[in-house]
Number of protein chains: 2
Amino acid sequence: MSAAVIAMIGRMTRWGPDAKGRLVQSALELYAKRGYDQTTVAEIAERAGLTERTFFRHFADKKEVLFAGSNNLRDLLVTAVAGSPSSAAPIEAVAAGLLAAGVVFNEERRAHSRRRQSIIAANAELRERELIKMASLASAIADTLRRRGVPDPAARLTAEAGIAVFRVAFDRWVDADNEVGWSDLVRGSLAELKVLVA
Amino acid sequence: MSAAVIAMIGRMTRWGPDAKGRLVQSALELYAKRGYDQTTVAEIAERAGLTERTFFRHFADKKEVLFAGSNNLRDLLVTAVAGSPSSAAPIEAVAAGLLAAGVVFNEERRAHSRRRQSIIAANAELRERELIKMASLASAIADTLRRRGVPDPAARLTAEAGIAVFRVAFDRWVDADNEVGWSDLVRGSLAELKVLVA
DNA sequence: GTCTATAGTGCGATAGAC
DNA sequence: GTCTATCGCACTATAGAC
């Protein structure tokens with residue numbers, strides 16, 4: 001057996017499948033069990049069968065492990081907004097984006113999201129990081145609308161309104177006693193916004 | 001001249017009027033001139049004729065000196081929302097709040113606000129602090145609406161939409177080449193939101 | 001790795017307003 | 001005299017320079 005093959009086998013566990021995902025899962029479990037502050041990065045890495053150094057190769061800091069999915073969410077949103085028919089009004093394009101984001105807000109993920117939200121709710125630094133992520137979602141949407149030819153302040157305003165709908169729909173989606181699906185919550189919240197501002 | 005008298009003269013400014021306001025003004029000038037990071041709290045205090053220790057009696061940290069007015073803003077908003085006639089729809093109460101906030105957004109303050117915003121725009125930590133302040137405004141408004149009997153999610157949604165209007169109006173108000181007054185910007189942004197979500 | 005500058009805290013002393 | 005804003009000092013924590 002060649003050294004190359006032996007090395008490859010040696011890496012099987014180290015390079016086990018989805019290292020990043022294992023880190024996310026381990027972090028979520030430990031943050032939930034012992035609290036964010038009481039969990040060290042070393043513990044997260046160990047539980048995932050990795051080292052602290054590897055954790056920081058995947059995530060900029062201890063918080064970021066909880067927000068790894070937000071880039072994916074942003075891409076889903078932006079792609080759907082950008083891909084809406086040019087005949088679609090700005091708010092329709094944004095609505096399409098919010099609905100497209102539902103790919104990650106399915107029933108299998110709901111328990112996971114609930115646990116994640118309760119971790120975030122319990123810690124000021126994590127709540128702040130979430131505000132930053134939301135703000136960056138809003139500017140990504142606004143940029144996309146501008147690229148579709150929507151001028152300011154309409155682009156900014158539509159994006160901010162869209163994020164307002166997102167926040168409300170998401171809060172309801174992770175609410176303990178709620179079983180309504182993502183797309184119904186988005187449509188319902190958007191419809192309610194229309195009524196409220198009318 | 002005795003040492004005691006010299007000491008007394010040195011302390012003349014100690015009980016000068018509006019120590020907090022002097023600290024705010026000094027901080028604004030130094031942050032604008034040399035940048036937030038390149039300014040020390042000791043320098044701010046010295047320029048205000050005070051000591052570092054006194055700075056921290058008035059402000060929890062170096063950032064907070066730029067956000068001292070935000071409690072005042074929140075009170076203006078909340079009071080006006082709470083004081084709206086009970087016949088007023090939620091969005092009307094919020095609009096009344098936004099217009100009432102205009103007390104602090106007058107022409108004399110515009111230059112000051114512009115400088116403040118350019119300082120905040122130049123620094124990530126300050127932008128984050130601003131997000132936090134905005135989020136706390138939104139929840140204060142939502143709470144006030146709930147106290148008026150507006151149920152969730154309408155209260156949350158109206159508050160978030162109101163803050164979206166606030167952000168856009170404020171951005172336009174501090175925009176370099178803009179001379180439109182606060183109330184026109186609020187009414188205009190709100191009217192545009194209505195059109196956009198319709 | 002040590003050294004330095006700065007942020008931020010705790011507590012007791014003091015100066016001046018009342 | 002009381003009350004409180006301010007000061008002085010000693011401290012910890014941490015980020016950056018070297």
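Every chain is numbered from 1, with letters handed out A, B, ... down the list of sequences. Since the structure is predicted, the reported quantities are computational estimates derived from the model, not experimental observations.
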Give the rounded distance in Å between these two atoms: [atom1] of [X] and [atom2] of [N].
X       : N      : atom1 : atom2 : result
B:Phe56 : D:dC11 : CZ    : P     : 19 Å
B:Phe55 : C:dG10 : CZ    : P     : 17 Å
B:Leu23 : C:dG8  : CG    : P     : 14 Å
B:Ile44 : C:dG8  : CD1   : C1'   : 13 Å
B:Glu46 : D:dC7  : CD    : P     : 12 Å
B:Leu50 : C:dA15 : CG    : P     : 17 Å
B:Lys20 : D:dT4  : NZ    : C1'   : 15 Å
B:Glu43 : C:dT6  : CD    : P     : 7 Å

- Item | N or O in side chain of B:His58 less than 4.0 angstrom from D:dT6 OP1/OP2 | yes

- Indicate whether OP1 or OP2 belonging to D:dT6 is found under 4.0 Å from a side-chain N or O atom of B:Thr54. no

- Query: Between the side chains of B:Ser136 and B:Ser139, is a donor N or O closer than 3.5 angstrom to an acceptor N or O?
  - Reply: no

- Item | Pair A:Arg172 + A:Asp177: basic N to acidic O under 4.0 Å | no

- When you check the gap from the basic side-chain N to the acidic O, do A:Arg129 and A:Glu64 get nearer than 4.0 Å? yes

- Task: Can you spot which of B:Glu128, B:Glu125, B:Glu130 makes a side chain to side chain donor-acceptor pair (under 3.5 Å) with B:Lys63?
- Result: B:Glu125

- Message: Tell me the bend of the helix from C:dG1-D:dC18 to C:dC18-D:dG1 as the angle between end helix axes, each from five pairs, rounded to the nearest 10 degrees.
- Response: 20°

- Between A:Phe105 and A:Phe170, is the gap from one ring center to the other below 6.0 Å? yes

- Query: Do B:Trp182 and B:Phe166 have ring centres separated by under 6.0 Å?
  - Reply: yes

- Item | Contact summary for B:Ala101 and B:Leu73, nearest pair of heavy atoms | CB-CD1, 3.5 Å

- Note on the structure: Those residues at least two apart in sequence (or on a different chain) that pass side-chain hydrogen bond (donor to acceptor under 3.5 Å, both in side chains) with A:Arg109 are none

- Message: Between C:dG10 and B:Arg53, counting only base atoms on the nucleotide and side-chain atoms on the residue, is there a donor-acceptor pair under 3.5 Å?
- Response: yes

- Counting side-chain heavy atoms from C-beta on, which of C:dA7, D:dT6, D:dC7 comes nearest to B:Thr51? D:dC7

- Message: Please give me every residue in residues 59-72 of chain B whose heavy atoms get under 4.0 Å of an atom in DNA chain C, ordered by residue number.
- Response: B:Ala60, B:Asp61, B:Lys62

- Item | Flag if over 12 foreign heavy atoms under 6.0 Å of CD, B:Glu107 | yes

